[in-house]
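Here is the structure we will look at, set down as structure tokens.
Not measured: the values here are computed from a predicted model.
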Amino acid sequence: MKKIISQFTKMDVISYVLLILAGIIGPNMINYMRINHEYNGMLTVLMFIWGINLIVCILKIRERIILALFYLAIFLFLISRIFIPSIQGKQWWLNYSVEANCFAVYAIAVSIVALGAGMAGVEIINKINNALKREKIKVKKQWLDKKLLVTVVRWVLIICMICFYIREIDKVLFMRGKVYEDFFTLYHSRMPFFITFPAGCMQFFLCMFLALKPSKKESFIWLFIYVASALPMLKIGVRNAFILNCIFAFVYYFIRDNQREKNEKKWIGKKEKLLIICIIPAMILFMGAYNYIRAGKGVGLSAGNLVVDFAYKQGTTYDTVLQGYTYKNNLPMSNGKNYTMGALEDSFFYNSLGKRIFKLDDIGDGNCLRQVYNGHTFSHTISYAVLGKDYIAGYGRGSSYIIENYIDWNYTGIVGFSIIVGCICALIPKIFGNNWLISVLCLNIVTSLFFIPRAESTSFITFLVSYKFWICIIGSIIMTKIWMEIEKKKGK
């Protein structure tokens, strides 16, 4: 017992006490405020819960960086939509209905508490295991030559990256003379298979390469190329990829810095910290201005107002949650659909291989009725229910794990899914680097995990049902094994 207790530091105890207090007091206070019609009080308690959980992450930021970023994503994509109007003295709870807003605030609070519980659970179990396990000298069997694997993956990555850039440039050329919304209704790839297939494997091979822990210099080069690869879509008007790529690069640097050897140089030193401090404000201002640039309008706001405007507009997902709650009983073709698993189902059944095996018709890539009636994603369903003809014209509402979980399994779904996400956020910094395949899985998850507050619940693990992903993994192993056999024969 003493061994187990010794595993917990003062920071751990403070963290868990704060999480318990926020988890017990917070949701009950929100219910109390709702009954007494104290709607700004509800928001205050929500901010208290969010703030406590963020502080807990900051207390041990090296281990909790991913969950801290996830909490920031929740604020940006959900809470900011009501936080900003409340500061401005507006009655935010009158948007749609009081009932819908009360649901949204409570659901977000419950999710934040459950995320913290998932993280705490992983940490506690990990500490107990560390205390109970006996030290054994493990002899790692090297079944793959790392140098050969690095060379194989690097060369394939170069090919995939070139093809990816060709595909993205094709999109930019297609969009000449067209508006942003046209991309979602009119664009279809004109590239041949030998371009589109490697392009679709680029992200997988990047994660496979970075999981092999290359040098800081080479990692920087590839991450820079990866971030730059989102610029064509940014030019079209799609910002998500660029933001997610930047976050991915930051998280990778942070994890590698946390796991560096004593004699290894810092991955995040003074130069990197200064660069981050300079880039973040500039990036927020640019993204705020881009709302107007994309629409062909002039930017007439001050820097401060531009930041507020950016945060408020990113919080439009909160409105999607309200709409989902309001329209939950009137969604087209909703019988039998599980929206939480929707992204996984569509990725499995409607990829090029799945359509042939299950003899299914294509549901398309953009906004269309086939996506609404035959697909399983909530984003297309709610967009059509709310926007009607405007959805067909290219407009959309997006989604959020909050409303998908609720529609499928009520509050139980929100709690369960959030606990799982909290566990994943806590596990990634701990297990990255232990095993190559596990590290590859971790990095692929990080590429899109932070977007699920405003996207499909399982969109961050759709790669698991992608035949391309497994072809990349198995193909690299086979090529490396063949090369190893050739080297053995040469050595005889």
Side-chain angles (χ1 to χ4, degrees), residues 54 57-58 61-62 64-77 79-80 84 161 164-165 168 202-203 206-207 209-210 214-260 265-294 299 301-315 425 428-429 432 443 445-451 453-455:
L54 185 61
C57 290
I58 293 169
I61 193 65
R62 287 182 174 275
R64 300 167 181 170
I65 179 63
I66 294 177
L67 187 56
L69 291 172
F70 195 83
Y71 283 141
L72 292 175
I74 287 176
F75 177 82
L76 181 63
F77 296 137
I79 302 175
S80 65
I84 292 169
M161 190 64 79
F164 185 83
Y165 268 84
E168 297 304 287
M202 182 276 287
Q203 186 172 287
L206 178 74
C207 292
F209 183 73
L210 293 175
S215 67
K216 181 179 177 181
K217 183 178 180 180
E218 188 168 12
S219 297
F220 172 80
I221 292 169
W222 279 112
L223 288 169
F224 179 81
I225 293 170
Y226 179 59
V227 171
S229 72
L231 292 177
M233 287 300 288
L234 185 64
K235 179 174 174 57
I236 290 170
V238 181
R239 296 168 298 187
N240 304 341
F242 182 75
I243 294 171
L244 288 174
N245 289 8
C246 290
I247 295 173
F248 174 81
F250 171 75
V251 170
Y252 182 76
Y253 256 66
F254 201 96
I255 291 174
R256 288 295 302 272
D257 185 67
N258 193 32
Q259 295 186 351
R260 64 188 172 87
K265 287 183 179 179
K266 287 184 178 180
W267 278 67
I268 303 180
K270 291 181 180 179
K271 290 180 181 178
E272 288 78 13
K273 288 176 182 177
L274 182 62
L275 190 64
I276 291 168
I277 292 168
C278 294
I279 285 177
I280 290 176
M283 196 172 172
I284 292 172
L285 290 173
F286 173 73
M287 290 300 168
Y290 200 66
N291 283 323
Y292 299 94
I293 295 168
R294 185 175 66 182
V299 182
L301 297 175
S302 64
N305 288 334
L306 205 56
V307 172
V308 172
D309 184 69
F310 169 73
Y312 179 76
K313 287 180 177 176
Q314 287 302 303
C425 290
I428 290 174
F432 178 83
L443 291 179
I445 287 171
V446 170
T447 58
S448 51
L449 175 66
F450 305 107
F451 206 57
R454 72 173 303 173

Residues passing the side chain to side chain contact (heavy atoms under 4.5 Å, CB included) test with A228, sequence neighbours excluded, are Y165, L231
Here the gap from L449 atom CG to I66 atom CD1, rounded to the nearest 0.5 Å, amounts to 7.5 Å
Between P453 and I74 the two heavy atoms that sit nearest each other are CG-CG1, 4.2 Å
Q: Evaluate the criterion side chain to side chain contact (heavy atoms under 4.5 Å, CB included) for residue pair L72 and F450; output intermediate values, then yes/no.
A: CA-CA 9 Å; L72 292 175; F450 305 107; over 6 Å; no
Side chain to side chain donor-acceptor pair (under 3.5 Å) filter on Y292, not counting sequence neighbours, yields D309, K313
Using ring centroids (six-membered ring only for Trp), state whether F75 and Y71 fall under 6.0 Å. no
In this structure, CG of L223 is separated from CD of E218 (nearest 0.5 Å) by 10.5 Å
Output for pair (I65 CD1, I428 CD1), nearest 0.5 Å, gives 12.0 Å
Here the salt bridge (charged side-chain N to carboxylate O under 4.0 Å, His left out) pairs for residues 267-287, sequence neighbours left out, are K216-E272
One should read off an interatomic distance between C425 SG and F70 CZ, to the nearest 0.5 angstrom, of 6.0 Å
Side chain to side chain contact (heavy atoms under 4.5 Å, CB included) test vs F432 passes for just one of V446, N258, L443, namely L443
In terms of heavy-atom contacts, P281 and I276 come closest through CD-O, 4.4 Å
Side chain to side chain contact (heavy atoms under 4.5 Å, CB included) between S229 and I225, worked out: CA-CA 6 Å; S229 72; I225 293 170; 5.6 Å; no
The side chain to side chain donor-acceptor pair (under 3.5 Å) partners of T447 (sequence neighbours excluded) come to Q203
So CD1 of I84 and CD1 of I79: to nearest 0.5 Å the spacing works out to 11.5 Å
Taken in chain and number order and not counting sequence neighbours, the residues that satisfy ring pair (Phe, Tyr, Trp, His ring centres under 6.0 Å) with F77 are F451
Taking only distance into account, with no hydrogens and no angle test, what donor-acceptor pairs under 3.5 Å do side-chain atoms of residues 240-257 form with protein atoms, sequence neighbours excluded?
{"residue": "N245", "atom": "OD1", "partner": "Y226", "partner atom": "OH", "Å": "3.1"}
{"residue": "N245", "atom": "ND2", "partner": "Y226", "partner atom": "O", "Å": "3.0"}
{"residue": "Y252", "atom": "OH", "partner": "L210", "partner atom": "O", "Å": "2.8"}
{"residue": "Y252", "atom": "OH", "partner": "R256", "partner atom": "NH1", "Å": "2.6"}
{"residue": "R256", "atom": "NH1", "partner": "P214", "partner atom": "O", "Å": "3.2"}
{"residue": "R256", "atom": "NH2", "partner": "P214", "partner atom": "O", "Å": "3.2"}
{"residue": "D257", "atom": "OD1", "partner": "R260", "partner atom": "NE", "Å": "3.3"}
{"residue": "D257", "atom": "OD1", "partner": "W267", "partner atom": "N", "Å": "2.8"}
{"residue": "D257", "atom": "OD1", "partner": "I268", "partner atom": "N", "Å": "3.3"}

So CE of M283 and CZ of R239: to nearest 0.5 Å the spacing works out to 10.5 Å
Between A68 and I61 the two heavy atoms that sit nearest each other are CB-CD1, 4.0 Å
